[in-house]
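Shown next, in structure tokens, is the structure this report addresses.
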Amino acid sequence: MFLPRKRSVIVSAVFATLAVLMAYCSSEPQKNMEKESAPIDKYLNHNDTVRYVGIEKCMLCHQDKYNTFIHTGMGQSFDHATKSKSAAKFGEHTAIYDKFSNFWYHPFWDGDSMKIMEYRLAGKDTVYKRVEKVDYIIGSGQHTNSHIFNTNGYLHQMPMTFYTQKGEWDLPPGFENGFNTRFSRKIGLECMSCHNALPDFVPGSENKFFNVPNGINCERCHGPGSLHVAEKQAGHVVDTSKYIDYTIVNPGKLPIDLQFDVCQRCHLQGNAILKEGRSFYDFRPGMKLSDVWTVFLPKYEGAEDEFIMASHADRLKMSQCFIQSFKPSETKDSLRPYKSAMTCVTCHNPHVSVKVTDKEVFNNACRNCHRAPQHKTCPEQTVVKDPMHANCTSCHMPKSGAIDIPHVRVTDHFIRKPMTNKEAEKVKKFIGLFAINEKNPSNYVKAKAYLNQYEKFDYQPYLLDSAKRFLPDAKANDVKNNFEELVHYYFIKKNYVRILEMVNMIGQDELLLNRLGKRSWDNYDAWVCYRIGEAYMNGDKPAEAFKFYTQSDKLAPFDPEFKNKMAGAMLAMGNNAGAKKVFEDILKEDPKFAPAYCNLGYCYLLGGDLKKGEELIDRSLALDPDYDQALINKAQVYLLKNDIVGAKKELMKVLKRNPENKKAKDALQKLNAV
């Protein structure tokens, strides 16, 4: 069920009034709160009628916290692309080259607008150029600045990142080694809801937003604040030295596991699998993260020294410092239950930037436990400790390169004795995916995790093998129970015949009318329908494919790919006019969607308008000069002009990049036979 975009003021006011009556009309509830850590169901701002109010509201009463927080990495996490926000270096000859795609990239300022130019050279001649304006910069600048552009609310990452520690530009993480997605990587709700305050996301899309805030704000750690503001404005003040104020979450007064979950919401990034019916909006501080999603990370024997950038919580929990400090019996009746154990706030004040935190703050956190006579002082020689740099973390939490982000060095939060070279040279062996924030996830969730790991992170066949172990399909009941993820599995394997067999076992009507009709923030059912539609198209059954593509579009009307596929099926059925209308609708919504230009151009070719068809196909190639279908359609344009040489040239471009493209191979073979 979708949350309303704008909350009802009346409902919120009524709820606030009821909350006042519950919390303040009797003195007895306050007595019961004394010396008590808050259970999950007591926080009144967990109710979905409580609205987010924004950091400016918090500032009115908490000016001191605001003044320091806005300079932290969280406060600087996201903003418009301005010269003051950018940490990057620019120059006339600043450029990077992707040898795999044969593209150059150059960042520059055009007045107050930051832009990125993609271009291709043939000798010294520029044979292709595309320039896009940067709308947002993501990242505080402590490690990186990455860049996002906005097309009618659709957000995509751009193919340049500035790595501030080395002071150099390069491709963004995941764009390297032949995986450059150029300007098409979608920035969806999962990404934006972690790197920013909660955005105003368009339901039924993958990456469209009504609005995005500027940086992580107070409510990401304290929960929505409208009730808290209303209470304070009404003069209802809680003595927080004695009681817990349940109108807002103070993470420091949460039980240890729930306090960790506040930080793990973003500092335990990995392979996040949502629980059924949940979204990336649903977690609020004070809740159990595992009630909303399960985070999986791959584990490798002999790779204890390797970690991803946002794995702070997981690495800390591996440390004996945390394990030995966690004594549940000492945390039952305290307003600050974390004091007995090591948590994130033992060392970090979330309201103050780590850049301005003196190293002695961290050293003292270690000395609180490691002090004579119980513990030996540091045995290292002075020459090793070097008074100018001496601190506990340099040896026991060394900076290292994150395996998911190039060109950065981050502090490893796995606290331990320094490793020997022999230990660091162990042979790495994949053990499996492990749920970090949940002990016993279901087999179905595990299967989703392995499929997600394969598609998003690592194209290793053993991940698919592992997924299949949790997805039996030998019996009809197995297919019924595991249908959606079995479709996903066989879609990745390109076993379209098996997908259609399973569809026939359950029945099209049952699937379309009863099973695959739920709208959700992650468009889960829409993607299942899309994959079934693809299976029918590969089986040369466009009429059947059209039914499932149409269902995808109904469930997710702001995903241009679903409309594009639906219109493609219409073309295959001979409905040129209907397909043309859909392609035009796509381009009104997202004018940077190259496939729609390509396909609309083909519609015009079919209608005999060669000039308009060529113009649209050229616009597709202006967005993506390596788009195979657009090049094939361009070859068709040359053939309609009786230019066989030109047609062959376009087909050769396709086959140079993709020698196994069947359409191009067959067309070139026919032309060579002429």
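Position 1 is the first residue of the sequence; numbering continues from there.
- In summary, the side chains of Tyr97 and Asn102 do present a donor paired with an acceptor at a separation below 3.5 Å, with no hydrogens or angles considered.
- Atom OH of residue Tyr105 and atom CH2 of residue Trp169 lie 13.5 Å apart, to the nearest 0.5 angstrom.
- Of the candidates Tyr459, Phe100, Phe457, Phe179 forms a ring-ring contact (aromatic ring centres under 6.0 Å, His included) with just one, namely Tyr459.
- With 3.5 Å as the limit, one finds a donor-acceptor pair spanning the side chains of Trp527 and Glu206.
- Defined by atom type and a distance below 3.5 Å, a donor-acceptor pair is present between the side-chain atoms of Glu118 and Tyr128.
- The existence of a salt bridge linking Asp666 and Lys662 is confirmed by a sub-4.0 Å separation between a basic side-chain nitrogen and an acidic carboxylate oxygen.
- Ion pairing between a basic and an acidic side chain is recognised when a charged N comes within 4.0 Å of a carboxylate O; Glu276 and Lys518 show no such pairing.
- By the 6.0 Å and 45° rule, Arg130 stacks over the aromatic ring of Phe183.
- For Asn564 and Asn599, the side-chain atoms include at least one donor-acceptor pair closer than 3.5 Å.
- Test Lys663, Lys653, Arg657 against Asp628 for side-chain hydrogen bond (donor to acceptor under 3.5 Å, both in side chains) and you get one pass: Arg657.
- Side-chain contact, Thr144 with Thr161: no donor N or O sits under 3.5 Å from an acceptor N or O.
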Handout entry: side-chain hydrogen bond (donor to acceptor under 3.5 Å, both in side chains) between Gln453 and Gln460, worked out
Key = CA-CA 9 Å; Gln453 188 75 22; Gln460 295 294 339; over 6 Å; no
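- Put simply, CG on Leu555 and OH on Tyr524 are 13.5 Å apart, with the number rounded to the nearest 0.5 Å.
- With no hydrogens or angles considered, no side-chain donor-acceptor pair links His106 and Glu92 at under 3.5 Å.
- Ion pair Asp609/Lys611 not flagged as a salt bridge, since none of the NZ, NE, NH1 or NH2 atoms sits closer than 4.0 Å to an Asp/Glu carboxylate oxygen.
- A distance of 9.5 Å separates CG in Leu433 from CG in Asp458, rounded to the nearest 0.5 Å.
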Practice task
Go through the steps to decide whether Glu534 and Lys565 satisfy the test salt bridge (Lys or Arg N to Asp or Glu O under 4.0 Å), and finish with yes or no.
Solution key: CA-CA 8 Å; Glu534 289 286 89; Lys565 291 293 186 178; 3.4 Å; yes
Practice task
Report the C-alpha distance between Phe78 and Tyr136 in whole Å, list the side-chain angles of each, state the deciding distance to 0.1 Å, and finish with yes or no for ring pair (Phe, Tyr, Trp, His ring centres under 6.0 Å).
Solution key: CA-CA 7 Å; Phe78 190 94; Tyr136 300 105; 5.0 Å; yes
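- Between Asp585 and Lys581 there is a salt bridge, since at least one side-chain N of the basic residue sits less than 4.0 Å from a carboxylate O of the acidic one.
- With hydrogens and angles ignored, the 3.5 Å screen pairs a side-chain donor or acceptor of Glu176 with a backbone N or O of Gly174.
- No side-chain donor-acceptor contact under 3.5 Å links Asn145 and Lys85.
- In summary, the side chains of Asp98 and Ser101 do present a donor paired with an acceptor at a separation below 3.5 Å, with no hydrogens or angles considered.
- In this structure, Leu511 CG and Cys529 SG are separated by 7.5 Å, a value rounded to the nearest 0.5 Å.
- Note that Lys634 lies in the cation-pi zone of Tyr638, set by a 6.0 Å cut-off to the ring centre and a 45° limit from the axis.
- The side-chain tip of Lys592 does not point at the ring of Tyr154 from less than 6.0 angstrom away and within 45° of straight on.
- Below 30°, between 30° and 60°, or above 60°: for Trp521 and Phe201 the angle between ring planes is between 30° and 60°, a tilted geometry.
- When each of Arg185, Arg182, His147 is tested with Gln157 by the rule side-chain hydrogen bond (donor to acceptor under 3.5 Å, both in side chains), just one qualifies, namely Arg185.
- Geometrically, Lys115 does not engage Trp109 in a cation-pi contact, judged by NZ or CZ lying under 6.0 Å from the ring centre and within 45° of the ring axis.
- Among Phe583, Tyr597, Tyr602, the single residue meeting the side chain to side chain contact (heavy atoms under 4.5 Å, CB included) criterion with Leu616 is Tyr597.
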